[in-house]
Amino acid sequence: MSACKICGRKIESEDLCRYHVEALNNLHAAYEGWKSASGVDWSKYLENLENIEVTGRWILDVVEYVRIRDGL
Amino acid sequence: MSRVMIITEKPTAAKRIASALDDKHSPQEVKKRGASYFECKRGNDNLVVVYALGHLFELKQKVKGWTYPRLETEWVPRYEVEKKATQVRPIIKLIGTLSKDVDSFVVATDFDIEGSLIGYLTLKYACKADPNKAHRMFFSSLTNSEVESAYDTMSETLDFPMIESGQIRHEVDWLFGINLTRALTLAVKNTAGWFKIVSTGRVQGPTLAFVAQREQEINVFVPHPFWVILARTQLDGEEIDLEYSKKRIEVKSEAENIAKDLDGATARVDSINSRTTTQQPHPPFNLSGLQAEAYRHFGFKPSRTLAVAQSLYLDAVISYPRTSSQKLSDSLDLKEILNGLKGMKNYAKLADQVLQGGNLTPVQGKKTDPAHPAIHPTGTKPTKRLTPSEKKLYDLIVRRFLALFGEPAEKEHLRADIRCNDYLLYLRGLKVLKSGWMQFYGPYAKTGERELPNLSEGDSIFLSPVESDERYTQPPPRFNPASLLKLLEKEDLGTKATRARIVDSVKSRGYTLNDRFELSTLGYALYETLEEYVPDMLSPELTRRLQKEMDEIQQEQTNRDEVLTKAKRDLTELLDDFRSQEQEIGNNLVIGLQRYWKSTEELGECPKCGDGTLRIIRSQKTGKRFVGCSNYSEGGCDQTFALPQKGDISPKDEMCTHCGYRMIEVASGRRKWETCINWTDCPGRKDDLKALDDRRAKQAEKKKEATTK
């Protein structure tokens with residue numbers, strides 16, 4: 001398979017295209033900040049992002065992808 | 001007695017110039033087969049004032065065929081490349097006939113690159129005259145005095161460096177625009193067999209890249225939480241919000257503790273501080289400054305502002321608008337302009353105030369333009385009734401001009417520091433001590449004045465309620481027409497005359513979805529494809545370099561042949577590279593186009609046959625649009641829905657809560673609303689329909705009244 005699991009673009013790594021890889025990296029990088037600011041766990045963090053209006057479109061895509069992948 | 005032909009840019013400019021130059025200010029318009037010219041007399045000269053319609057001649061490829069590369073061009077009458085330009089033919093013919101009986105030629109088009117080129121091409125191809133023997137009039141406004149002075153002091157030669165620069169700009173834009181657009185379009189055609197114009201250009205490509213890169217930043221944005229403290233109190237029976245000294249608190253528990261400690265506590269006014277600042281008037285308008293301010297106050301797109309300003313210029317009420325200058329030249333008779341404004345009802349008082357004040361030295365900006373001063377009113381009264389848009393823009397320009405002579409504004413900033421244990425809160429006030437220039441700028445000067453409640457040091461303040469509120473960091477904003485134009489100016493892409501059109505083209509080509517420049521799926525497909533296969537087409541470097549070389553021609557530091565040869569070499573390399581990857585490029589664009597059509601035209605499964613897809617269709621017979629089923633021709637499904645005929649329609653993901661049909665967004669001008677495709681029958685939209693009927697009835701009544709009058 002050479003297509004991104006989310007959007008069908010060419011994959012870069014981890015079954016994702018470069019845009020969704022960047023989004024996934026940003027998602028992971030921001031978690032530490034969220035945890036120290038409000039003490040949320042990973043699952044609650046993802047849930048919060050889904051409910052915030054300004055969360056990036058590709059971030060929402062990878063949130064859903066991570067939920068399915070990790071069975072959350 | 002000599003017969004002089006004066007070549008102008010537009011019919012309105014011709015009329016005004018003829019009127020200014022005629023001894024009696026009453027030229028005679030002679031009409032001939034779909035065109036006209038003006039005859040006037042000035043001293044011993046008989047003047048024939050003719051007009052172009054913008055460009056009468058355009059570039060055309062020498063070798064036939066809708067393919068690429070096509071690198072050789074020639075100038076031909078515009079109607080040969082633009083079928084709709086039928087009105088150009090009689091004008092060229094008339095100018096050609098009149099020029100046979102003329103002793104000398106004078107170019108009186110706008111003094112800029114395009115104007116100079118229009119004059120030159122008209123002379124060379126319509127008059128068949130020798131451009132080396134023609135004269136040039138230079139002016140920055142169309143007032144009688146300036147036009148007369150420009151005629152009396154005309155230059156012996158044309159501005160050839162500017163003409164050369166204009167020619168090369170057209171040639172390079174044609175080469176890149178035509179060849180790259182054909183390459184993209186043919187890549188789609190050769191892959192899928194569809195003919196859909198996919199356009200790009202020398203500046204359009206980098207502009208698309210700016211929009212796409214911003215969209216990507218927004219798409220990968222993760223908001224971070226922070227907390228603010230919302231504190232309130234009651235003073236003299238009025239609820240007042242207080243500002244907590246720390247604007248954002250990074251940790252939730254800290255914010256909650258602060259709110260808990262302050263809620264219901266009594267604070268004390270520790271001190272009241274005052275600080276006075278002065279603010280100088282804003283500099284005079286150049287085009288981009290005017291476009292930004294008109295967008296801010298009236299919501300005018302930059303292209304609209306330019307068009308309205310052009311119309312005011314042609315009416316001689318403002319100076320030439322395509323200028324980069326923020327300076328008013330020393331030769332301007334400011335007193336005469338102010339006296340002119342004094343004669344206008346709306347500005348009489350303000351202009352008189354400036355004249356009485358005695359300070360006739362305006363504030364100047366930094367930017368300069370060798371050809372024209374900053375935009376300013378001429379003091380001449382409009383000869384026609386201004387349209388509402390013209391009125392607004394004229395008011396802005398006049399007030400900005402008057403404000404240049406005003407004194408600095410003085411403001412007093414007050415801040416009450418309110419303490420409660422270790423916590424500090426503020427109450428702020430702002431008072432304008434001296435309005436200075438702001439009184440001239442009127443509604444466009446934001447004072448931000450707000451009163452500080454009646455407080456004294458030592459006063460007690462009961463804080464309630466006090467809460468912590470969770471907020472999130474925001475992604476970078478999408479562009480709007482004004483901010484995108486500003487970026488192009490900062491990046492030195494395009495010219496003051498072309499930027500507004502380029503900004504519009506990104507939307508009109510379907511690469512963005514609305515005025516907020518949200519990238520469409522088509523825009524994405526084009527950007528990603530070009531970025532991967534031919535990134536030079538998106539690079540601002542290439543176009544910036546070409547721009548620099550064109551400027552150097554104007555400054556006589558290089559020549560046209562050299563720049564053109566180099567541009568053709570660069571383009572050929574780019575096209576060779578493109579052709580070798582045409583199949584992959586085509587595939588990517590086809591996928592993007594499919595997604596685009598799906599997102600803009602498809603409205604989901606047909607509720608009637610369950611087999612077809614609902615689509616926005618335009619009737620070939622009536623030209624009206626409606627929703628129909630894709631299964632109409634094969635399966636005979638006749639499901640249709642009516643659609644509003646005005647505005648842009650974009651399908652939404654949501655379904656109507658009343659009837660369950662797909663929702664759509666309709667955007668017409670600055671008005672946007674949402675409805676469902678079943679809006680004519682939807683039980684939840686009866687009120688909307690009634691309101692629409694009422695509105696129509698009212699409009700019909702108004703129309704009837706106007707006709708009766």
Side-chain angles (χ1 to χ4, degrees), chain A residues 1-67 69-70 72, chain B residues 212-228 248-257 468-478 513 516 518-521 523-529 531-533 535 581 584-585 587-592 594-596 598-599 653:
Chain A
M1 270 294 276
S2 62
C4 172
K5 281 206 166 166
I6 297 172
C7 66
R9 287 184 179 96
K10 206 162 78 182
I11 62 164
E12 181 160 295
S13 66
E14 261 205 64
D15 298 337
L16 299 177
C17 66
R18 61 193 171 110
Y19 299 128
H20 285 112
V21 166
E22 190 186 345
L24 189 63
N25 291 340
N26 285 5
L27 181 74
H28 283 293
Y31 174 54
E32 278 310 309
W34 268 81
K35 202 162 80 173
S36 54
S38 59
V40 291
D41 62 15
W42 177 249
S43 174
K44 182 73 184 157
Y45 165 59
L46 299 182
E47 190 188 321
N48 281 347
L49 288 183
E50 282 175 319
N51 293 324
I52 299 169
E53 204 185 333
V54 296
T55 302
R57 200 192 307 172
W58 294 337
I59 298 293
L60 291 173
D61 290 343
V62 292
V63 166
E64 200 183 335
Y65 166 79
V66 166
R67 278 188 184 286
R69 185 192 67 184
D70 301 347
L72 291 170
Chain B
Q213 284 153 8
R214 176 63 57 88
E215 191 73 26
Q216 285 179 359
E217 285 176 50
I218 295 169
N219 283 343
V220 295
F221 179 77
V222 181
H224 283 259
F226 64 90
W227 288 263
V228 294
R248 59 164 74 180
I249 298 152
E250 305 294 338
V251 180
K252 186 181 182 181
S253 54
E254 190 190 325
E256 284 172 347
N257 288 337
S468 69
D469 191 37
E470 189 169 340
R471 306 268 168 95
Y472 304 99
T473 52
Q474 297 293 307
R478 286 206 169 87
L513 289 175
R516 294 301 294 167
E518 186 181 342
L519 204 65
S520 70
T521 44
Y524 256 123
L526 181 59
Y527 172 72
E528 287 171 25
T529 310
E531 197 197 18
E532 185 166 356
Y533 297 102
Q581 308 174 85
E584 294 92 324
I585 293 172
N587 282 334
N588 279 309
L589 289 175
V590 165
I591 294 169
Q594 281 169 329
R595 278 199 204 130
Y596 176 66
K598 198 173 162 62
S599 66
D653 290 336

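Per chain, numbering begins at 1; letters A, B, ... match sequence-line order.
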Between chain A and chain B, are any donor-acceptor pairs under 3.5 Å, and how far apart is each one to 0.1 Å?
unit_1, atom_1, unit_2, atom_2, d
A:Arg9, NE, B:Glu528, OE1, 2.8
A:Arg9, NE, B:Glu528, OE2, 3.0
A:Arg9, NH2, B:Glu528, OE2, 2.6
A:Lys10, NZ, B:Glu532, OE2, 2.6
A:Arg18, NH2, B:Glu531, OE1, 2.5
A:Tyr19, OH, B:Gln216, NE2, 3.2
A:Asn26, ND2, B:Val220, O, 2.8
A:Trp34, NE1, B:Pro223, O, 2.8
A:Ala37, O, B:Lys252, N, 2.8
A:Gly56, N, B:Phe221, O, 2.9
A:Arg57, N, B:Asn219, O, 3.4
A:Trp58, N, B:Asn219, O, 3.0
A:Ile59, N, B:Asn219, O, 3.4

Where does A:Ile52 contact chain B at under 4.5 Å (heavy atoms): side chain, backbone, both or neither?
side chain
For the interface with chain B, which of A:Leu24, A:Val54, A:Leu49 has the highest count of heavy-atom pairs at distances below 4.5 Å?
A:Val54
Under a 4.5 Å cutoff for heavy-atom pairs, which residue among A:Ala30, A:Gly33, A:Ala37 has the most contacts with chain B?
A:Ala37
